[in-house]
Amino acid sequence: VKDSFYKMEETTFLSCLSGLPKSIAEFIQHDNFWAELDDLNRNCSTPSSFQTRFFQKFNAFKILKYLNFAHENYYNKVDLSEQIKLLRQGK
């Protein structure tokens with residue numbers, strides 16, 4: 001999927017957001033994903049260089065930021081033991 005971001009136009013990027021879960025789409029907008037992607041596209045002349053630099057910007061720290069964002073805005077903390085019980089009960 002990341003390869004499709006290479007030289008992507010902003011209008012295409014924005015239309016892609018509508019197909020994502022709301023928590024991800026909102027995080028992407030909140031975190032200014034487009035500006036970083038645009039910067040990559042302006043400074044990478046080949047798909048190979050884009051791919052290498054993509055993971056420099058979108059790394060484990062970015063995932064952690066998303067998880068914190070999603071937790072604060074979309075998901076509640078729950079007791080793990082209770083969730084295991086519910087899974088075992090098929091709920």
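One is the number of the first residue; the rest follow in order along the sequence.
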Hey, quick one: are Y75 and L67 part of the same hydrophobic cluster, counting side-chain heavy atoms closer than 4.5 Å, chains of contacts allowed?
yes

Do Y6 and Q51 have side-chain atoms, one donor and one acceptor, less than 3.5 Å apart?
no

How about F50 and F5: are their ring centres within less than 6.0 Å of each other?
no

Evaluate the side-chain proximity of Y66 to H71: yes if any heavy-atom separation is below 4.5 Å, no if none is.
no

Exam field: side chain D31 to backbone F33, donor-acceptor pair closer than 3.5 Å
no

Please determine if R53 and E36 form a salt bridge, counting it only when a charged side-chain N lies under 4.0 Å from a carboxylate O.
no

Answer yes if the side chains of T12 and S15 hold a donor-acceptor pair under 3.5 Å, and no otherwise.
no

With a 4.5 Å cut-off on side-chain heavy atoms, are I63 and N59 touching?
no

Is there a side-chain contact between P21 and Y74 (heavy atoms, below 4.5 Å)?
no

Is K7 close to P47 at the side-chain level, that is, under 4.5 Å between some pair of heavy atoms?
no

Given 3.5 Å as the limit, does a donor-acceptor pair link the side chain of D39 with the main chain of A35, or not?
no

More than 12 foreign heavy atoms under 6.0 Å from NZ of K57: is that the case here?
yes

Okay, side chain of S18, backbone of L14: is any donor-acceptor separation there less than 3.5 Å?
no

Mind checking whether L64 and F55 sit in one hydrophobic cluster, side chains of I, L, V, M, F, W, Y counted as touching below 4.5 Å?
no

In Å, rounded to the nearest 0.5 Å, how long is the span from CG of L87 to CD of E82?
11.5 Å

With rounding to the nearest 0.5 Å, note down the distance linking CZ in R42 to CG in L37.
10.5 Å

Using side chain to side chain contact (heavy atoms under 4.5 Å, CB included), reason through I28 and F13 one step at a time and then give a plain yes or no.
CA-CA 11 Å; I28 284 172; F13 171 77; 3.5 Å; yes

Interatomic distance, CD@E26 vs CG@N73, rounded to 0.5 Å, equals 6.0 Å

Q29 side chain reached by W34 side chain, heavy atoms, under 4.5 Å
no

More than 12 heavy atoms of other residues, nucleotides or ligands under 6.0 Å from CD of Q56: yes or no?
yes

